[in-house]
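Keep in mind that the numbers below use all heavy atoms, side chains included, and drop hydrogens, waters and symmetry copies.
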Amino acid sequence: MSFCSELKNDLCIEKQPECCKIAECYGLMLFGHTFSYKNISIITENENISKRYIKYLKSNFAIIPAVKKSGKSTTTYNISVSSPTECSAVMSAFGYETGDFLSINHDVFKRECCFGSFIRGAFLACGQMTDPFKNYHTEFVIRDFTVALEFYSLLQSRGLSPKRSMRGTTTVIYFNKSETIEELLTLMGAGRKVLEFIDIEVAKTIRNRENRKNNLEMGNIGKQVDASFNHRLAIEYLREKGKLETLSDELYSVALLRIENPAASLSELCKIYGESITRSGLNHRLKKIMEIAQELKNGEK
């Protein structure tokens with residue numbers, strides 16, 4: 001089961017006051033498939049959401065909706081209310097009059113607890129969340145453009161900093177920052193998932209830190225190998241030209257040291273050298289050998 005499916009199942013277990021049930025039901029309807037005087041419906045693949053929604057319709061409006069199931073490998077639930085009388089009763093209960101443009105009625109969630117329940121209903125109806133182990137992304141895919149813009153402004157007013165884009169004819173309101181998604185989960189009442197999300201975030205931070213450390217170490221090893229190769233290339237060139245023995249004693253001894261220890265780092269060569277020499281001093285001598293070899297090549301040219 002995906003992280004998002006688990007989250008929605010957890011949200012469906014959440015118990016709440018009567019005022020919050022109305023607010024969540026409103027979120028489910030408003031962000032569902034259709035919400036009008038002709039038809040009110042939601043479409044979901046989550047059985048727990050379908051049961052919760054049907055329960056709200058029965059308890060709040062004494063409505064028993066039509067339920068259609070479809071699909072083979074995955075069952076899709078289409079829960080609809082099509083009776084003009086029942087649709088009219090629901091629309092009126094949420095403050096709409098015939099001919100009104102669809103918009104968000106803020107009076108339904110005046111209390112802070114009800115606001116969280118309204119967002120929960122919206123998420124159950126049209127929300128998706130990517131597994132945080134893969135990526136930080138939570139979105140609401142909204143069919144009605146006006147409602148989407150109002151929802152975007154509503155979230156902004158609560159300091160949640162959403163982003164907005166179009167996907168075909170639908171509007172996508174989304175979040176891609178971990179701290180904002182944590183705030184959203186907390187607001188919806190997903191306490192257990194907040195803790196799990198934070199654990200995943202910590203694990204990813206540790207893993208990324210280790211990866212950066214390993215990449216740095218591998219980069220340093222690569223530089224070390226390249227440097228050793230260039231040192232030995234210069235030394236072998238001097239040997240071929242009979243010039244190696246003409247080097248000063250300090251350069252000659254370092255040249256032999258490098259040839260005998262091709263895989264050693266500069267720090268390791270300092271220890272093997274035996275005399276009091278710094279890493280910088282050793283590196284200076286090797287560079288001097290390379291310069292002499294290069295000057296000899298240039299002279300031949």
Side-chain angles (χ1 to χ4, degrees), residues 1-4 6 128-139 161 163 165 167 172 174-182 193-301:
M1 186 180 294
S2 69
F3 184 91
C4 186
E6 290 179 357
Q128 290 294 326
M129 180 176 290
T130 303
D131 187 336
F133 257 125
K134 298 177 181 178
N135 191 23
Y136 296 127
H137 184 85
T138 299
E139 64 181 31
S161 304
K163 296 182 179 180
S165 66
R167 186 180 296 161
V172 181
Y174 66 96
F175 306 88
N176 54 17
K177 292 184 178 180
S178 60
E179 59 270 20
T180 310
I181 296 173
E182 286 175 25
K193 281 299 178 185
V194 171
L195 295 177
E196 186 176 334
F197 188 93
I198 292 172
D199 285 344
I200 292 172
E201 188 177 11
V202 171
K204 285 180 69 175
T205 299
I206 294 172
R207 184 180 63 185
N208 290 339
R209 187 183 301 143
E210 287 300 313
N211 286 341
R212 285 195 296 270
K213 180 182 176 182
N214 291 337
N215 290 339
L216 180 61
E217 289 176 352
M218 289 303 295
N220 289 337
I221 290 172
K223 291 178 182 177
Q224 177 182 313
V225 170
D226 290 343
S228 175
F229 176 78
N230 290 331
H231 296 157
R232 288 179 286 121
L233 202 63
I235 294 166
E236 289 299 334
Y237 179 76
L238 291 174
R239 176 177 284 168
E240 288 176 12
K241 298 301 178 181
K243 299 295 183 180
L244 185 60
E245 290 77 8
T246 65
L247 296 175
S248 65
D249 290 344
E250 61 179 20
L251 294 183
Y252 183 70
S253 61
V254 166
L256 293 181
L257 183 69
R258 170 47 86 192
I259 290 295
E260 293 168 359
N261 301 277
S265 65
L266 290 179
S267 298
E268 290 168 338
L269 287 177
C270 286
K271 293 178 181 178
I272 299 170
Y273 193 66
E275 298 180 15
S276 178
I277 188 171
T278 64
R279 186 177 179 277
S280 175
L282 185 66
N283 187 45
H284 175 74
R285 294 184 188 184
L286 287 166
K287 282 185 176 180
K288 185 63 178 176
I289 293 171
M290 292 175 66
E291 288 172 6
I292 293 171
Q294 188 61 49
E295 287 172 4
L296 184 59
K297 289 181 183 179
N298 293 340
E300 289 183 344
K301 290 179 182 178

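- When the side chain to side chain contact (heavy atoms under 4.5 Å, CB included) test is applied to Asn261, the partners found at least two apart in sequence or on another chain are Leu257, Ala264, Leu269, Ile272.
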In residues 244-253, what donor-acceptor pairs under 3.5 Å come from side-chain atoms, sequence neighbours left out?
from: Thr246; atom 1: OG1; to: Lys243; atom 2: O; distance (Å): 2.5
from: Ser248; atom 1: OG; to: Leu251; atom 2: N; distance (Å): 3.4
from: Ser253; atom 1: OG; to: Asp249; atom 2: O; distance (Å): 3.1
from: Ser253; atom 1: OG; to: Glu250; atom 2: O; distance (Å): 3.0
from: Ser253; atom 1: OG; to: Tyr273; atom 2: OH; distance (Å): 3.0

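- Applying the salt bridge (charged side-chain N to carboxylate O under 4.0 Å, His left out) rule to pairs touching residues 130-139 yields Glu139-Arg167, sequence neighbours excluded.
- Distance check: Ile292 CD1 to Lys297 NZ gives 13.5 Å after rounding to the nearest 0.5 Å.
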Problem set entry | Evaluation steps, side chain to side chain contact (heavy atoms under 4.5 Å, CB included), between Ile289 and His231 | CA-CA 8 Å; Ile289 293 171; His231 296 157; over 6 Å; no
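- Atom OG1 of Thr130 is separated from atom CD of Gln128 by 8.5 Å, given to the nearest 0.5 angstrom.
- Residues meeting the ring pair (Phe, Tyr, Trp, His ring centres under 6.0 Å) test with Phe175, sequence neighbours left out: none.
- Note that NZ of Lys287 is 11.5 Å distant from CG of Leu282, once rounded to the nearest 0.5 Å.
- Ring centroid separation for the pair Tyr136 and Phe197 comes in under the 6.0 Å cut-off.
- Contacts of Ser161 classified as side chain to side chain contact (heavy atoms under 4.5 Å, CB included), with partners at least two apart in sequence or in another chain: none.
- Under the side chain to side chain contact (heavy atoms under 4.5 Å, CB included) criterion, Ile259 pairs with Arg232, Ile235, Glu236, sequence neighbours left out.
- Residues meeting the side chain to side chain donor-acceptor pair (under 3.5 Å) test with Ser178, sequence neighbours left out: Glu201.
- Annotation: side chain of Leu286 is in contact with side chain of Arg258 (closest heavy-atom distance under 4.5 Å).
- In this structure, the side chains of Lys204 and Ile200 come closer than 4.5 Å at one or more pairs of heavy atoms.
- Checking side-chain atoms of Thr138 against main-chain N and O of Ile181 turns up no donor-acceptor pair under 3.5 Å.
- Among residues two or more places apart in sequence or in another chain, the side chain to side chain donor-acceptor pair (under 3.5 Å) test is passed with Ser2 by Ser5.
- Inter-residue side-chain proximity for Tyr237 and Leu233 is flagged as unmet; no heavy-atom pair is nearer than 4.5 Å.
- With sequence neighbours excluded, the residues that form a side chain to side chain donor-acceptor pair (under 3.5 Å) with Glu6 are Lys193.
- Residues satisfying the ring pair (Phe, Tyr, Trp, His ring centres under 6.0 Å) test with His137, not counting sequence neighbours, are Tyr174.
- With sequence neighbours excluded, no residue forms a ring pair (Phe, Tyr, Trp, His ring centres under 6.0 Å) with Phe3.
- Residues passing the side chain to side chain contact (heavy atoms under 4.5 Å, CB included) test with Arg279, sequence neighbours excluded: Leu266, Ser267, Cys270.
- Using a 4.5 Å cut-off on side-chain heavy atoms (C-beta onward), Lys241 and Leu296 make contact.
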